[in-house]
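Below is one structure; the comments refer to it alone.
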Amino acid sequence: MRVSRLMLVTLRDDPAEAEITSHKLLLRAGYMRRLAPGIFAYLPLLFRVLQKISAIVREEMASVDALETLLPQLQPADLWRRSGRWDGYTAGEGIMFHLIDRQDRALGLGPTHEEVVTELAADLLRSYRQLPVCLYQIQTKFRDEIRPRFGLMRGREFIMKDAYSFHADEACLRRTYAAMDGAYRRIFARCGLRAVAVEADSGAIGGSASQEFMVTAEAGEDLILASPDGCYAANQERAVSLPAPALPLEADAARSLATPAQKSIEELCAAHGFHPTQTLKVLLLVARFAVAAPRAVLVSLRGDQQLNDVKLANAVTTLSPEAGALLEITPLGAEHLAGDGLAVPFGYLGPHLEDPPLGGAERLPMLRLADSSAAELGAFVCGANRPDEHLVGARWGELCPLPQVVDLRAAQPGDRCLHDPTQRLEAARGIEVGHIFQLGRKYSEALEARFTNEAGSEEPLWMGCYGIGVSRLAQAAVEQHHDADGIRWPVAIAPYTVIIVIASSQDPVQVGLAERLYGQLLQAGIDTLLDDRPERAGVKFKDADLIGIPWRLVVGRAAAEGRVELVDRSGDSGKQELTVEAALDALLGLQGEGP
RNA sequence: CGGGGCGUGGCGCAGCUUGGUAGCGCGGGUGCUUUGGGAGCACUAGGUCGCAGGUUCGAAUCCUGUCGCCCCGACCA
């Protein structure tokens, strides 16, 4: 392609709308334009990158026998009601764009395709003889993100590869999951990305085992906790660890202690010399559901620990099976309390708090949970449920029964690891580019996708699902591969492999040689750009650096002597002046090289 | 939604405090010069100052309302 015909518009200044480097570079280098928040036009250069990524994805999907399909984006609400996800995905902070058609039917714009594909499977897959099957598509997804951000990192419309597998038994699901794990590792490696696999929360998708693939980058939205020995890595949402040992509290019997204006653990400890591990942190929250009335939740943690919201939401969901989708959990404030419920002594809560008078007719008893860090305390300091008063030396069983024990604490960098307490968790930031799940039978049961097994009886299909954010991956690659001058695409996903720069388009010798090389490279099947614009050399060099084509072939003054300059932008071999033949050989040799 | 900020030629910004009818850099066009790291000079085109109302002889500037966008938190590929 000739750059003069490429519709290339590069920007000299950073656009005001962009915050992180990769976003700025993609805009500056003419790869994309924003149409509305979280909605982007992929310009020709970026489209080529997406095509290259897609080609790699297709090859690796083929290697695990996945079949490419294209599923509807406009999806009937009824289907989502049957899986139980309509409310959670549309009400509250739900992320599904939805609409009413002229017949008054509700439809959603697909944020993911479990429902559609399961419906299809229910229709087509009837016998164990047809299994396993894996379908995938590369398609635009729609999500009404609470806050679109960072360009392609969190768009409201983005390209995703999503795959779904169906199995006759769990062992088969595990095998496919493992094969996908391998395919994913190959995909990211072939795209030239440094990616790590981490244990993950399965979130709104559901299911049991799940693993995320993170491109490590400072701009990443996720916090990864990993052990230095490489045996353990997890998203902080999911990570487990050993808390620091608690200091035992010397106390015979529980006594009360006046603690005026000491509402925080810090104030309490500072005033009386307690260690935070001797105290109990009691949090009062309220969970809102799609079906049931709001329910109060009382959480006990050891005073030095932090609550992990994701773990809490998961626990509340499993412990409230009849309540419908969990919409949100927020700290309980006076506004949630009925009538004179202002009596709740915030800042002085103890685990023996009576059920607060929530608004709403039919109310469930308060859900009482304790993290194991709290449950394992012998004697502790906690709020007395009266203003300006704490209890010292309270014990589970004496003060109140031990609540249900669940893992609720947030693991922190520096915590000891479960698999080896001498290992301590280290933090890194990551961009989630892939996520694989063992869904189990969640969707097949809900949508009655059954097959006949070998014994002749019907049972729900076992399912897995596997996503890659294709457009996000493109930007993650830029985040990981750039320098002060611009993008440095990994060769495998660069929009073009070579850019020939004619230093002076007025020199017929240079133009002639450049045209000849251009023709030869194209003939050899190498994706080549020819910068034939009547610009000064400096402009063309700057643009070439900015758009990040891996190899730059400069046809300049030395053209008359049959010499050209070859610049390695994505590797580190720098620049070298070569004869035309040597340069051509070097570039043609790239074809044979693996990624 | 809560908190913070910003809306002025295509892009990046100044002007607003102290009202007097819009400016700078980049980009676009034409010409001459220049020609290996975002050239110089000259000329030129291009703006309802987000929108609506108000105050005023007069509003980009002051007031009210409204819309949009960006950043920090809850979401995820």
Side-chain angles (χ1 to χ4, degrees), chain A residues 9-20 23-24 27-28 30 33-34 36-38 53 57 88-89 92-96 111-113 138-163 184 200-205 210 212-215 220-222 235 237 309-310 313 327-331 430-437 465-476 485-486 501-507 510 533-546 552 554-559 565 567 575 577:
Chain A
V9 178
T10 57
L11 271 32
R12 201 177 281 235
D13 301 311
D14 282 334
E17 72 186 67
E19 189 71 9
I20 62 174
H23 187 190
K24 288 177 182 167
L27 289 168
R28 275 192 59 206
R33 297 307 273 237
R34 191 191 65 104
I53 295 168
V57 167
Y89 267 72
E93 298 196 329
I95 55 157
M96 183 154 60
T112 176
H113 280 73
I138 296 175
Q139 202 202 38
T140 298
K141 293 277 187 279
F142 299 92
R143 293 188 187 170
D144 192 0
E145 291 288 342
I146 299 165
R147 185 153 86 89
R149 217 181 336 198
F150 303 145
L152 305 181
M153 292 294 196
R154 181 165 300 285
R156 295 194 292 169
E157 185 182 313
F158 60 96
I159 298 175
M160 176 163 147
K161 186 283 306 184
D162 49 327
Y184 270 45
D201 180 75
S202 46
I205 307 290
S210 118
E212 289 168 335
F213 293 84
M214 298 283 193
V215 168
E221 293 186 90
D222 288 276
N235 193 312
E237 296 175 348
D309 301 333
V310 174
L327 299 179
E328 63 170 3
I329 301 184
T330 50
I431 301 164
E432 183 189 353
V433 291
H435 200 157
I436 59 177
F437 306 77
C465 79
Y466 319 89
I468 289 180
V470 173
S471 45
R472 179 186 278 184
L473 189 156
Q475 189 174 332
D485 294 317
V501 174
I502 307 174
S504 170
S505 5
Q506 254 118 63
D507 179 350
Q510 293 183 26
R533 294 175 299 172
E535 294 285 350
R536 296 162 57 90
V539 172
K540 294 196 260 197
F541 293 153
K542 286 286 186 191
D543 274 345
D545 285 344
L546 185 59
R552 185 168 90 222
V554 182
V555 180
R557 304 190 262 258
E565 186 180 277
V567 183
K575 64 171 79 171
E577 195 179 296

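Heavy-atom basis, side chains included; hydrogens, waters and symmetry copies ignored. Here is the naming used below: chain letters follow the sequence lines, and residue numbers restart at 1 for every chain.
Shown here, B:G2 forms a base pair with B:C72; the pair counts as Watson-Crick or G-U wobble because both key distances fall under 3.5 Å. Nucleotide B:A39: paired with B:U33 (Watson-Crick or G-U wobble, both distances less than 3.5 Å).
Residue A:Thr10 is in base contact, counting any heavy-atom pair closer than 4.0 Å across all strands shown. At a threshold of 4.0 angstrom between heavy atoms, the contacts of A:Leu546 include nucleobase atoms, whether or not backbone atoms are also involved. A:Asp14 comes within 4.0 angstrom of the backbone, heavy atoms only, and of no base. If you check every strand for non-hydrogen atoms under 4.0 Å, A:Asp162 touches nothing.
For B:C76, its base sits under 3.5 Å from the side chain of A:Arg154 at one donor and acceptor pair at least.
The shortest distance between the side-chain N/O atoms of A:Arg557 and the OP1/OP2 oxygens of B:G36 is below 4.0 Å. In this model, the phosphate group of B:A39 is approached by a side-chain N or O of A:Arg536 to a distance below 4.0 Å at OP1 or OP2.
Ring-base stacking between A:Phe541 and B:G36 is not satisfied when judged by a centre separation under 5.5 Å and a plane angle under 30°.
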Between the protein and nucleotides 66-70 of chain B, list every N/O to N/O distance that falls short of 3.5 Å.
unit_1: B:C69; atom_1: O3'; unit_2: A:Arg34; atom_2: NH1; d: 3.3

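Electrostatic pairing of A:Asp507 and A:Arg557 does not count as a salt bridge here, judged by no charged N lying under 4.0 Å from a carboxylate O.
Side chains of A:Arg33 and A:Val9 form a contact here, defined as non-hydrogen atoms less than 4.5 Å apart.
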